[in-house]
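We number each residue from 1, following the sequence as shown. Scope of the values below: all heavy atoms of this structure, side chains included, with no hydrogens, waters or symmetry mates. Computed from a prediction, not measured in an experiment: that's the story for all the values here. Note that ligands are numbered from 1 as they come in the structure, with each ligand's atoms numbered from 1 the same way.
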Amino acid sequence: MSAESSQAPPAPRFRLLLIEDSAIAASIVQGHLDAVPWQRAELAHAETLAAGLARVKEGWDVVLLDLSLPDGEGLEVVERIRDVDAHVPIVVLTGHDDVRLAERVLGASVQDYLVKRSLDADALWRAIRYAVSRQQLVTQLARTMAEARENEANLHQLIARSADGVIVLDPGGAVLFANPAAEALLGEGRLVAGRGCPVALPAGETSLELGGHTVFIDVRWVDVDWQGRPSRMALLRDVTGRRRAEELRLRLERTERLAAVGQLAAGVAHEINNPLAYVVANLELLAREIRRLSSQGAATEHLAQPLDDARHGAARVMHIVRDLGVFARSEANEAIGPTDVNAVIEGALNIVHAQIKHRARVVRELAPVSRVGGAEGRLTQVFVNLLINAAQSIREGRVADNLVEVRTRQQGREVVAEVVDSGCGVAEEHMPRLFEPFFTTKRAGEGTGLGLAICRSIVESCGGSIGISSKAGVGTCVRVRLPV
Ligand SMILES: Nc1ncnc2c1ncn2[C@@H]1O[C@H](COP(=O)(O)OP(=O)(O)OP(=O)(O)O)[C@@H](O)[C@H]1O
Ligand SMILES: [Mg+2]
């Protein structure tokens, strides 16, 4: 056992000031203080209020105060001491007659009172200890509150300067606070204290149309206590830049992929073209020969169907090779407009008429629109592909129940054309892949998966854009935007 731990630490020595005119009472107090050997006190004695007031500021742990002094009486005595020191703990010593008065001064200004005649050492020490510890508590509380106020002020400053937008709403959705970043994000003057938030802010990444621009905002919600009230705080981060960079990256990736596919396609198309030319020419030769033999009475009926199949197959291969060629073809020799989109659509509708007529009614809503930049032939290919897709999404037979609608309208410096169908729609998991070259859900032989990739390539080469919205089982809308 070490030397330190075998001894109890010395009890703190209390510094007490007794303001009391009676010498007997003073010596009784001293006696009680000395009666408890493990408690230590240093007692100073003032016989008048004036003498007491002169010493109050010396830093006492407790002032023991008689309420009837030669130069002061009752409540006034307490008040005069408080004028000099607002915080020092006071324990009042009182005669029997003054008990009611003592009770009145209890509370904020006086910690405790003791009746002199029934005073004993235990009661005196207990009152001293309680007065001191209560004072410590009060000091601690005051310090903690000051710190809390400072922390709150710091927090407010941090929030005000934060680059992220901060909006605090009460449980009813009214704005309690918005920092400058939030106002800059949502528009000056739109966030008004006491009113609702002007825009819905669902958690997660959300896009807002603000002043004609699309802004992407990442929204987080947290429950907070705001000035003592349960509230909700939205943290808003402008992620428009990040989103645009991401879009640009995807676009570049797609362009690279398309370029690679284009090269491959050009090679394949070139390789196939020549042998295909012999196949087609020789099939035509065979057809003529068979017709000649037949006219001479030879039995050729059994050859008609296989020959037809072969010609059909060859035509389809030619079609695919031509589509593949689109990726690699230069536009150098092609006219680039101005082209009348409505006329292009009419032309495309004529081409696909046979494929649509057994499946759906065709509705046109073609508004007068400006001419656009873009070769007529290539734009026709776009609408042929879109109309064939629309037709293929609808089963044959129920013409009256189904619709392929083509609309055009002018929107600022753009012509917007939409091909809408009431077909099978696109499964959600396929949506991101629709424009990928060779992505198809059609059976082998029915689709190569190049239609939409070609459409996008053509539309983007005209400076436009193409997008699809679709709901499985309901239908699809393909929207093409072309600059005038
Ligand atoms: N209007 C539409 N309705 C439903 N699904 C569609 C529609 N348009 C496109 N799709 C889906 O997108 C896929 C890709 O279309 P895309 O035109 O690129 O290729 P494809 O039609 O399959 O083949 P290709 O056009 O080369 O003959 C289709 O297989 C189909 O799943
Ligand atoms: Mg297609």
Side-chain angles (χ1 to χ4, degrees), residues 254-255 257-258 260-262 264-266 268-269 272 312-329 345 348-349 351-364 378-399 401-407 416-461 464-480:
R254 204 172 61 226
T255 311
R257 229 177 15 240
L258 272 182
V261 171
L264 179 76
V268 171
I272 294 175
H312 191 80
R316 175 137 183 86
V317 174
M318 268 174 82
H319 189 86
I320 294 171
V321 168
R322 198 198 59 208
D323 278 357
L324 284 173
V326 168
F327 284 117
R329 195 180 304 154
I345 288 171
L349 280 168
I351 296 170
V352 300
H353 174 71
Q355 269 128 308
I356 302 184
K357 70 177 178 195
H358 298 299
R359 302 169 193 256
R361 286 175 295 131
V362 174
V363 174
R364 297 165 170 79
R378 305 194 82 200
L379 287 176
T380 305
Q381 202 180 349
V382 169
F383 289 100
V384 166
N385 282 342
L386 298 182
L387 288 165
I388 290 177
N389 279 352
Q392 288 175 340
S393 74
I394 299 168
R395 279 220 214 117
E396 260 183 58
R398 300 173 58 182
V399 178
D401 298 337
N402 284 296
L403 211 64
V404 171
E405 202 175 341
V406 195
R407 309 175 195 140
V416 181
E418 289 169 345
V419 177
V420 184
D421 65 64
S422 59
C424 60
V426 180
E428 207 171 319
E429 68 267 26
H430 293 152
M431 288 299 289
R433 303 194 56 195
L434 296 185
F435 290 99
E436 271 178 30
F438 302 112
F439 173 78
T440 182
T441 57
K442 292 168 191 168
R443 277 180 303 183
E446 231 176 65
T448 51
L450 285 173
L452 287 175
I454 288 169
C455 289
R456 175 177 261 175
S457 157
I458 295 172
V459 169
E460 288 185 353
S461 75
S465 62
I466 180 168
I468 297 189
S469 49
S470 184
K471 201 167 163 66
V474 178
T476 302
C477 171
V478 185
R479 184 171 299 133
V480 175

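- Atoms of ligand 1 found under 4.0 Å from any heavy atom of Thr440 (numbered from 1 in listed order, with element): 20 (P), 22 (O), 29 (O).
- In this view, Arg433 and Glu436 satisfy the salt bridge (Lys or Arg N to Asp or Glu O under 4.0 Å) rule, not counting sequence neighbours.
- Residue contacts with ligand 1: His430 is excluded, as none of its non-hydrogen atoms falls under 4.0 Å.
- Within the protein, the N, O or S atoms sitting under 2.8 Å from the Mg ion (ligand 2) are Asn389 OD1.
- The contact set between ligand 1 and Thr476, taken as ligand atoms under 4.0 Å from a residue heavy atom, comprises 1 (N), 2 (C), 3 (N), 4 (C).
- Not a single heavy atom of Asn385 sits less than 4.0 Å from an atom of ligand 1.
- His430 is linked by a ring-ring contact (aromatic ring centres under 6.0 Å, His included) to Phe439, counting only residues two or more places apart in sequence or in another chain.
- In this structure Arg361 satisfies the salt bridge (Lys or Arg N to Asp or Glu O under 4.0 Å) test with no other residue, sequence neighbours excluded.
- Here the side chains of Val420 and Val404 are not in contact, with every heavy-atom distance at 4.5 Å or above.
- Close to ligand 1: Gly449, with a non-hydrogen atom less than 4.0 angstrom away.
- Annotation for ligand 1: atoms under 4.0 Å from non-hydrogen atoms of Val426 are 4 (C), 5 (N), 6 (C).
- The N/O atoms of Cys424, backbone and side chain alike, include none that comes under 3.5 Å of an N/O atom in ligand 1.
- Comparing heavy-atom distances from atom 8 (N) of ligand 1 across Val420, Asn389, Val419 singles out Asn389 as nearest.
- At a 3.5 angstrom cut-off on N or O pairs, Gly451 counts as close to ligand 1.
- Crowding of Glu428 atom CD: a count of heavy atoms from other residues, nucleotides or ligands under 6.0 Å not exceeding 12.
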